[in-house]
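Before any comments, here is the structure.
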Amino acid sequence: MAKAIRAEVASGVASLAERGLVPGLAVVLVGEDPASAVYVAGKGAAAREAGIAERTLRFPAGLPEAELLATVEGLNRDEAVDAILVQLPLPAHIDAARILEAIDPRKDADGFHPVNAGRLLQGKPAPVPCTPAGIIELLTREGVPLRGTRAVVVGRSDIVGKPMALLLLRKDATVTIAHSKTKDLPGLCREADLLVAAIGRPGFVTGDFVKEGAVLVDVGVNRVTSRADVERFFPGNAARLASFDKKGSTLVGDCDPATAFPRASRYTPVPGGVGPLTIAHLLKNTLELCVARRG
Ligand code: GUN
């Protein structure tokens, strides 16, 4: 499905090229976080493959905040740049909210700017955070019913939980946002027809959170380094254990694959679930920002 979306974007980019217009994406990476480096490389490669002019700006972890602000302001002024993405997390000495707010809302690839978050809240057109947008697209294209269904989003981040809840509400789902302080979290989750797990804790959502036949969307990407955990999450999965023994770690989502997935009618695995859709949606946002500003 991500491939199909990327092909749609590529064809949109090609039709703009006939008018001499090339969408431009600038990706900003500060520091050496290995997961961020992998994400950024994936975003860059996908953008180039779709015909988008992609530029990744890499800075050392010690970059002063003022210099990052100046970089963002330069990209705001650069006519060839339609979309700006500052990879998160940023180093602790940099105020991430200040940086995200400095991005021109018309060039906001992630939809993280408060103006665009507000537009999303009010149901107005705006770039939408890529992971929740990709999930809505996945559910819609797969024909998962949303209208009137009970959806529980576990996690309240600005990047996933909150925008996810707003997009599900826009699709007429009845939405509850739950989090680590929610009383009887398993009981609440068991009421959900659609359960979205975005809390960042490996295997946290176990079978007792899942109503039989529910749809499960696992947004977590957690690196697990204990062999006992791997044996618990992937019992009898020789390939996973072998890969763990070779690499010393493996990826697990927020759902426990051993107990949660078997209760679901459909679920997204980790890896290979919603991740590729996030990247596909970034390309879509870039194209749409280009059309809106220059098209
Ligand atoms: N870090 C993890 N996910 C994301 C994302 O979607 N966008 C940005 N900018 N940083 C991230």
Side-chain angles (χ1 to χ4, degrees), residues 2 5-6 25-47 52 54-59 61 63 68-69 71-72 75-76 81-92 94-105 107-117 120 126-138 153 155-167 196-202 217-223 251 253-254 268 270-271 273-286 288-289:
I5 296 167
R6 284 162 60 166
L25 168 66
V27 177
V28 180
L29 175 63
V30 184
E32 281 88 40
D33 178 64
S36 287
V38 171
Y39 290 143
V40 162
K43 289 168 183 178
I52 291 168
E54 185 270 345
R55 194 188 324 160
T56 298
L57 310 176
R58 292 166 204 274
F59 297 99
L63 180 77
L68 183 55
L69 270 177
T71 299
V72 167
L75 294 170
N76 284 344
V81 172
D82 295 289
I84 303 166
L85 182 148
V86 177
Q87 184 68 24
L88 303 177
L90 285 168
I94 294 178
D95 180 350
R98 191 164 177 211
I99 301 300
L100 296 179
E101 214 161 325
I103 295 173
D104 183 338
K107 295 189 172 190
D108 182 15
D110 273 314
F112 291 165
H113 191 285
V115 164
N116 290 322
L120 172 63
V128 171
C130 302
T131 300
I135 291 168
I136 290 289
E137 192 131 2
L138 167 74
V153 179
R156 52 178 156 177
S157 71
D158 292 340
I159 294 181
V160 181
K162 287 182 206 162
M164 184 77 256
L166 290 168
L167 290 174
V196 181
I199 35 191
R201 290 167 66 171
V217 177
D218 191 348
V219 188
V221 182
N222 309 294
R223 197 164 288 281
L251 291 181
D254 288 349
T268 64
V270 176
V274 305
L277 290 162
T278 298
I279 293 188
H281 206 88
L282 169 67
L283 307 185
K284 205 168 160 180
N285 276 357
T286 301
E288 285 173 4
L289 289 169

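Index from 1, following the sequence. Counting convention: from 1, in listed order, for ligands and their atoms alike. Nothing here was measured: the structure is a model prediction, and the numbers come from that model.
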- Message: Taking side-chain contact (heavy atoms from CB on, under 4.5 Å) as the criterion, tell me which of P163, P105, P129 meets it with N116.
- Response: P105
- Message: Main chain of D218, side chain of D254: is a donor-acceptor contact present, judged purely on distance under 3.5 Å?
- Response: no
- Message: Can you tell me which residue among N285, L289, L282 is in a side-chain contact (heavy atoms from CB on, under 4.5 Å) with L25?
- Response: L282
- Note on the structure: Those residues with a heavy-atom separation under 4.0 Å from ligand 1 are K43, L85, V86, Q87, L88, D110, F112
- side chain to side chain contact (heavy atoms under 4.5 Å, CB included) with I99: which residues, sequence neighbours excluded? E65, L68, L69, V72, V86, L90, I94
- Message: Quick one, L75 with R55, criterion side-chain contact (heavy atoms from CB on, under 4.5 Å). Give me CA distance, side-chain angles, the key distance, then yes/no.
- Response: CA-CA 11 Å; L75 294 170; R55 194 188 324 160; 3.9 Å; yes
- Item | For N76 against D104, the heavy-atom pair lying closest together | OD1-N, 3.0 Å
